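Reviewing the structure listed below.
Just follow the structure's listing: the first ligand is 1, and inside any ligand the first atom is 1. Small disclaimer: the values here were computed from a predicted structure and weren't measured.
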Amino acid sequence: MILDRINYPKDLKKLNLEEKEELAEELRELVLNTISNTGGHLASNLGIVEITIALHSVFNMPKDKVVWDVGHQTYIHKILTGRKDRFDTIRQMGGLAGFPRTSESEYDSFDTGHSSTSISAALGMARARDILHKNHKVIAVIGDGALTGGMALEALNDAGISKTDLIVILNDNEMSISKNTGGMSRFLSKLRTDKSYLKKRKRLKAFITHIPLIGKGLYKVSSRLLRSIKSLFIKNMYFEEIGFKYLGPVNGHSIEDLEAIFERAKNIEGPVLIHTVTIKGNGFEPAEENPNKFHSVGPFNLEDGSPKKPKKKDYSAAMGETLVKLAKKDKKIVAITAAMEEGTGLNEFGEKYPSRFFDVEIAEQHGLTLAAGMAIAGLKPVIPIYSSFLQRGYDQLVHDICMQQLPVTICVDRAGCVGNDGETHQGLLDLSYLNTIPHMNVMAPKNYEELALMLEFAINSGKPMAIRYPRGTESSYPFKPSKKIELGKGELLRTGSDLTIVAIGKMVSYAMEVADKLAEDGINAEVINARFAKPLDMKMIEKSLAKTNFLVTIEDNSIQGGLGETIKAELSRCYKTINFAYPDEFIKHGSIPELEKKYGLDVESIYKRIKKDK
Ligand SMILES: Cc1ncc(C[n+]2csc(CCOP(=O)(O)OP(=O)(O)O)c2C)c(N)n1
């Protein structure tokens with residue numbers, strides 16, 4: 001195997017084209033064999049094999065720097081940069097991260113995980129290089145999906161006029177997680193498909209360079225002329241108009257063509273954009289046919305791509321199911337997603353009510369203000385966003401939604417610990433940042449039934465409402481049917497006189513299990529399901545504490561500014577207290593049960609700690 005000889009880019013540089021092509025297939029096989037066991041981001045990695053090989057062949061990493069947008073497509077890069085032998089540990093606790101991490105390798109030049117940051121970061125690094133009189137290349141690799149994000153467009157705008165040497169490699173596979181949509185996507189498709197333009201460009205170049213005496217000079221000097229001639233064929237040649245030299249489109253699976261175009265880009269001054277065209281999932285038929293299903297996968301069978309474990313209904317699906325039912329009765333309900341239709345459970349809504357469904361692509365900020373606009377004009381927008389991606393929209397929550405007290409329902413999906421995607425994707429800050437916003441109301445359900453009640457309540461409340469729920473399925477704890485939701489009211493689930501446990505969301509079932517265990521030891525816990533993190537039911541909490549004098553709070557949020565701290569701040573007097581929460585750290589990857597154990601947030605650890613302190 002050629003891969004046996006490859007550990008670092010220097011080994012790659014010794015190969016001829018044929019060997020590199022063989023290596024590409026071996027890399028695909030390694031990724032497929034590994035990810036079919038561990039799960040992970042598959043389709044994007046299969047699509048970027050040749051680009052990664054060509055990048056490491058032509059450039060001189062780690063002196064040259066590459067910033068990978070989102071960073072979910074860096075498995076090949078990791079294998080080729082000294083991490084082949086640990087590749088089977090990817091996304092596992094203590095193993096390789098699923099995204100680039102500067103702490104992991106000198107070949108990872110910038111941490112990513114959230115979309116659309118690469119051009120900003122790369123431009124910053126390029127400007128630093130120039131100011132510090134260094135001499136290396138800086139490259140951003142960005143997908144057509146990530147290019148729809150506001151930050152990427154802001155960065156293009158800045159980089160374009162900067163004259164800074166910067167190479168942007170656009171990996172255009174026509175897919176975000178689902179099919180890419182919107183104006184930018186339409187423009188790229190025009191560039192991809194306008195073969196007549198490519199032919200005309202070649203003919204034009206031949207024509208100009210053959211003009212006697214001045215032709216060659218004219219071709220070199222008059223890039224502006226070429227640009228304007230180009231725009232005769234493609235109206236508004238966006239990238240060139242804003243100051244980038246546009247190269248491509250080039251077949252992103254031809255190592256030969258990629259190397260040639262990268263070599264060319266290396267010698268061009270100023271910002272260059274190379275448009276590569278790839279197939280997401282390339283080389284694995286089920287992924288090519290269904291790239292969205294194979295964007296991020298659990299363990300699967302290599303023969304046909306079928307999942308090893310059948311997918312169970314999760315919180316996202318439960319939310320989507322209820323929303324479809326509510327929208328049937330209420331035509332004012334509209335749903336917005338930022339490129340996460342499947343991930344947030346909105347597929348059925350999108351199919352059933354296409355005129356009331358809006359995929360804004362990777363534009364959380366725009367999505368939130370779009371919702372504010374719809375709300376002020378009389379609609380009832382619901383916008384599910386993963387907790388960590390909602391961090392992007394803090395000002396939109398403050399300035400556009402809450403200041404005007406607009407009735408927008410924000411479904412904060414993947415709140416709490418998300419597990420293997422690691423620190424960029426943990427939803428451990430939302431209770432803290434949502435708590436800081438005046439007029440924001442924040443709820444979290446203990447199970448699907450309560451989620452459905454909360455969703456209906458939120459949509460009809462006429463107020464800004466956030467409902468946070470975790471990744472995964474509801475607990476099997478046998479809760480009695482939930483009482484109706486009232487603004488700022490908790491739910492007393494169990495009476496006791498020895499301590500008061502206040503828990504929220506997913507952690508309510510943990511509190512009940514802990515209380516059951518404590519009861520076996522003769523310790524009687526009162527358990528309050530907070531339901532609302534904001535406004536808090538301080539009346540219910542203080543009434544219970546007057547009896548027990550011992551407060552325990554349990555939440556799947558950071559300790560800083562979360563449920564426990566907020567309750568403590570609002571109490572009229574001090575009580576003995578234990579706050580169970582995640583520490584003030586970025587929590588790395590691992591499975592959810594492993595991380596809960598590590599941070600003392602599993603039932604057994606909570607039980608033991610309370611028993612010790614009682
Ligand atoms: C701010 C933010 N929102 C949403 C996501 C979820 N997400 C991860 S990858 C992806 C699609 C990226 O598409 P593209 O850039 O074209 O890369 P591809 O996977 O197609 O190679 C999305 C929406 C994210 N990582 N960051």
Donor-acceptor pair, Asp413 side chain versus Ile385 backbone, under 3.5 Å? no

Check the pair Val334, Val382 against side-chain contact (heavy atoms from CB on, under 4.5 Å), reporting the backbone distance first and the verdict last. CA-CA 6 Å; Val334 290; Val382 177; over 6 Å; no

Shortest heavy-atom approach to atom 11 (C) of ligand 1 - which of Ala339, Gly145, Ser176: Ser176

Have a look at ligand 1 and work out which part of Ile177, if any, has a heavy atom under 4.0 Å from it: side chain, backbone, both or neither. both

How close does the nearest protein non-hydrogen atom get to atom 24 (C) of ligand 1, and which residue and atom is it? Phe389 CZ, 3.3 Å

Working for ring pair (Phe, Tyr, Trp, His ring centres under 6.0 Å), residues Tyr353 and Phe349: CA-CA 6 Å; Tyr353 312 111; Phe349 190 102; 5.1 Å; yes

Hey, is the main chain of Ser176 close enough, under 3.5 Å, to the side chain of Asp144 for a donor-acceptor pair? no

Where the closest heavy atom to atom 19 (O) of ligand 1 is concerned, which of His72, Gln73, Glu174 has it? His72

Using a strict 4.0 Å cut-off to heavy atoms of Gly113, name the atoms of ligand 1 that fall inside it. 25 (N)

So do the side chains of Val70 and His114 get within less than 4.5 Å of each other, counting heavy atoms only? no

Note: ligand 1 atoms sitting under 4.0 Å from heavy atoms of Glu364 are 1 (C), 2 (C), 3 (N), 4 (C)

Does His295 have a heavy atom less than 4.0 Å from any atom of ligand 1? yes

Checking side chain to side chain donor-acceptor pair (under 3.5 Å) for the pair Asp69/Ser118: CA distance, chi angles, key distance, verdict? CA-CA 5 Å; Asp69 210 287; Ser118 64; 2.6 Å; yes

Between Asp108 and Arg101, is there a salt bridge with N-O shorter than 4.0 Å? no

Let me know which of His41, His72, His77 forms a ring pair (Phe, Tyr, Trp, His ring centres under 6.0 Å) with Phe99. His41

Ser115 heavy atoms, cut-off 4.0 Å: which ligand 1 atoms fall inside? 1 (C), 2 (C), 24 (C), 25 (N), 26 (N)

Protein contact to atom 18 (P) of ligand 1 [nearest heavy atom, distance to 0.1 Å]: Lys280 NZ, 3.5 Å

Need the ligand 1 atom indices (1-based, order shown) with element for anything under 4.0 Å from a heavy-atom of Ser44. 18 (P), 19 (O), 21 (O)

Heavy atom of His41 under 4.0 Å from ligand 1? no

Within 6.0 Å of CD in Glu256, more than 12 heavy atoms from elsewhere: no

Under 6.0 Å from the six-membered ring centre of Phe389 and within 45° of its axis: does the NZ or CZ of Arg392 meet both? no

With atoms numbered from 1 as shown, which atoms in ligand 1 lie under 4.0 angstrom from a non-hydrogen atom of Gly143? 14 (P), 15 (O), 16 (O)

Heavy-atom distance to atom 1 (C) of ligand 1: which of Arg392, Met175, His425 wins? Arg392

Report the C-alpha separation of Tyr238 and Tyr246 in whole Å, then their side-chain angles, then the decisive distance to 0.1 Å, and conclude whether the ring pair (Phe, Tyr, Trp, His ring centres under 6.0 Å) test is met. CA-CA 9 Å; Tyr238 175 71; Tyr246 171 88; over 10 Å; no

Backbone or side-chain N or O of Met340 under 3.5 Å from ligand 1 N or O: no

Would you call Ala43 a ligand 1 contact, heavy-atom distance under 4.0 Å? no

Does ligand 1 come near enough to Ile362 that some N or O of the ligand is less than 3.5 Å from an N or O of the residue? no

Numbered atoms and elements of ligand 1 in range of Ala146, under 4.0 angstrom, heavy atoms: 14 (P), 15 (O)

Judged by heavy atoms only, the candidate from Asn173, Thr117, Ile142 nearest atom 20 (O) of ligand 1 is Asn173

